[in-house]
Amino acid sequence: QCEEVLSDKPLFFAVNSYTTGLSPAVMEYMLKTTLIPRFGGKTSCDEIGLPVLMRPSYVLGGQNMIVAYTKADVIEYMGVITEHVDMDHPVLLDKYIMGTECEVDAICDGENFLIPGIMEQVERTGVHSGDSICVYPAQHLTQDEIDTMVDYTGRFARELHVTGLVNVQYAVSNGKVYVIEVNPRVSRSSALASKATGYPIAKVATKIAIGYTLDEITNDVTGKTCACFEPALDYIVVKYPKWPFDKFVYADKSLGTQMMATGEVMSIGNSFEAAMMKAVSSIELGMDTLTHKPFEELTDDEIVAHLYVQ
């Protein structure tokens, strides 16, 4: 269902019900009981306003998902999808919001919850988190935006009766926080969050699963306090994806909703710039900066054209 983006309050943007395994009716009930702001749905791209995010309702991993910027894009997509996909499931339209995507991995014991860190993507929304350069802790969020994410994450964790890990993805645009998807399970980013923060996420989640609560688990970092305390980082961590384009030289190199990276590196530095340069040096591109000399004299349009060279 599509959401109208017209309020000054944070909005609930979209719920990935096919990922959580919850029916739309259950998700609707959860939104009402958690009191997350939710506004009337719209049924066409004219009412929603372009651009829109289009996807079959059952896909995983960003497959067959596009951002449609014009009505021609919408018509072309519907023509392709109805020809190749079983239309027993609807095609979903969501308002596409250009902003910053963030990811939260939280641990909940059924009542209390803890967020080891908030990961911020460098690229715009719409680029798969596996293909995005990411940074811990988030560098460009206000305290109000962080507080909203913490509040929403706690409401979801309690309402879903999570005893272990829950993953929530957010989009932030113009000071508003939108929920992209809620996954009451471990995610690919959980391992990165654990390494980046030093917090043993999997170990704590396992102890919760067998009956412990957060205040009964010892903090492995201090060895004295309980696991309820969130780690405070005095360093910056950057995750940089590794793409296989050196092996698949004819592949489309433009980044989108479907993940193409086959690996990643993690670097630690005293500043974002230092961590970023370490990551670039470690990714085996033969580069030590983000500047690529053959591209320096090209226009933006010429650089974009290189992404589609076949």
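Note: Tyr212 OH to Thr218 OG1 = 9.0 Å, rounded to the nearest 0.5 Å. Here the straight-line distance linking atom OH of Tyr178 with atom CD1 of Ile97 works out to 4.5 Å at 0.5 Å rounding. The structure places CD1 of Ile217 at 10.0 Å from CG of Leu114, a figure rounded to the nearest 0.5 Å. With rounding to the nearest 0.5 Å, the separation of SG in Cys102 from CE in Met149 is 4.0 Å.
The environment of Tyr69 atom OH is dense: over 12 non-hydrogen atoms of other residues, nucleotides or ligands sit within 6.0 angstrom. Remark: Glu297 CD is loosely packed, at most 12 non-hydrogen atoms of other residues, nucleotides or ligands lying under 6.0 Å away. Within a 6.0 Å sphere centred on CD of Glu76, other residues, nucleotides and ligands contribute 12 heavy atoms or fewer. Within a 6.0 Å radius of CZ in Phe229, no more than 12 heavy atoms belonging to other residues, nucleotides or ligands are found. Annotation for Lys242: atom NZ counts as buried by contact number, over 12 foreign heavy atoms lying within 6.0 Å. In this structure, Asp215 places its CG atom where more than 12 heavy-atom neighbours from other residues, nucleotides or ligands lie under 6.0 Å away.
Taking hydrophobic clusters as Ile, Leu, Val, Met, Phe, Trp and Tyr residues chained together by side-chain heavy-atom distances below 4.5 Å, Leu192 does not share a cluster with Met276. Note on Met266 and Tyr199: separate hydrophobic clusters, where clusters join Ile, Leu, Val, Met, Phe, Trp and Tyr whose side-chain heavy atoms are under 4.5 Å apart, directly or indirectly. Placement of Phe248 and Met260 in two distinct hydrophobic clusters is found when ILVMFWY residues are connected by side-chain heavy-atom separations under 4.5 Å, directly or transitively. Linking Ile, Leu, Val, Met, Phe, Trp and Tyr residues whenever their side-chain heavy atoms come within less than 4.5 Å places Val172 and Ile146 in a single cluster. Linking ILVMFWY residues whenever their side-chain heavy atoms come closer than 4.5 Å, directly or via other members, places Val104 and Leu141 in the same cluster.
Side-chain atoms of Thr213 and Glu216 form a donor-acceptor pair, as typed in the model, at a separation below 3.5 Å. A donor-acceptor pair shorter than 3.5 Å can be found between the side chains of Glu103 and Ser189. Under the 3.5 Å distance criterion, with hydrogens and angles disregarded, no donor-acceptor pair is assigned to the side chains of Ser271 and Tyr235. Side chain to side chain, Glu120 and His140 meet the donor-acceptor criterion of an N or O pair below 3.5 Å. A donor-acceptor contact closer than 3.5 angstrom links the side chains of Asp105 and Ser190. With hydrogens and angles left out, the side-chain atoms of Asp109 and Thr163 include no donor and acceptor closer than 3.5 Å.
Side chains of Phe272 and Val238 form a contact here, defined as non-hydrogen atoms less than 4.5 Å apart. Val52 has its side chain out of reach of Tyr77: every pair of non-hydrogen atoms, C-beta onward, lies at least 4.5 Å apart. Between Tyr240 and Ile283 there is a side-chain heavy-atom pair separated by less than 4.5 Å. Considering only heavy atoms from C-beta on, Ile133 stays 4.5 Å or farther from Lys239 through its side chain. Annotation: side chain of Lys176 is not in contact with side chain of Glu145 (no heavy-atom distance under 4.5 Å).
With Tyr170 as reference, Thr153 is the one residue of Thr148, Thr100, Thr153 to meet the side chain to side chain donor-acceptor pair (under 3.5 Å) rule.
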Could you please spell out the steps behind the side chain to side chain contact (heavy atoms under 4.5 Å, CB included) verdict for Thr291 and Glu296? CA-CA 8 Å; Thr291 301; Glu296 284 186 328; 2.9 Å; yes
Assess whether side chain to side chain contact (heavy atoms under 4.5 Å, CB included) is satisfied between Phe113 and Val150, documenting all intermediate values. CA-CA 10 Å; Phe113 72 99; Val150 171; 4.0 Å; yes
Stepwise, does the side chain to side chain contact (heavy atoms under 4.5 Å, CB included) test hold for Val280 with Lys278? CA-CA 6 Å; Val280 171; Lys278 280 186 180 180; over 6 Å; no
Determine, stepwise, if the pair Glu101 / Ile180 fulfils side chain to side chain contact (heavy atoms under 4.5 Å, CB included). CA-CA 9 Å; Glu101 197 165 326; Ile180 299 175; 3.8 Å; yes
Glu123 and Ser132: CA distance, side-chain angles, deciding distance, side-chain hydrogen bond (donor to acceptor under 3.5 Å, both in side chains) verdict: CA-CA 6 Å; Glu123 288 83 3; Ser132 178; 2.4 Å; yes
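Judged purely by atom type and a 3.5 angstrom limit, Asp131 has no side-chain atom pairing as donor or acceptor with the backbone of His128. In this structure, Arg124 contributes its side chain and Gly99 its backbone to no donor-acceptor pair below 3.5 Å. A distance-only check finds a donor-acceptor pair linking the side chain of Ser267 to the backbone of Ala275 [under 3.5 Å]. Side-chain atoms of Glu159 do not come within 3.5 Å of backbone N or O of Ala157 as any donor-acceptor pair.
The two residues Asn112 and Leu214 come nearest to each other via the heavy atoms O-CD1, 3.7 Å. The nearest pair of heavy atoms linking Cys226 to Asn219 is O-CB, 3.5 Å. For Ile208 against Gly164, the heavy-atom pair with the smallest separation is CG2-N, 3.8 Å. Contact detail for Pro184 and Leu160: the closest heavy-atom pair is CB-CD1, 4.1 Å. Contact between Leu255 and Val127 at its shortest, heavy atoms only, is CB-CG1, 4.1 Å. In terms of heavy atoms, Met98 sits closest to Thr125 at CA-OG1, 3.7 Å.
Relative ring orientation between Phe156 and Tyr152 is described as perpendicular, the plane-to-plane angle rising above 60° on a 0-90° scale split at 30° and 60°.
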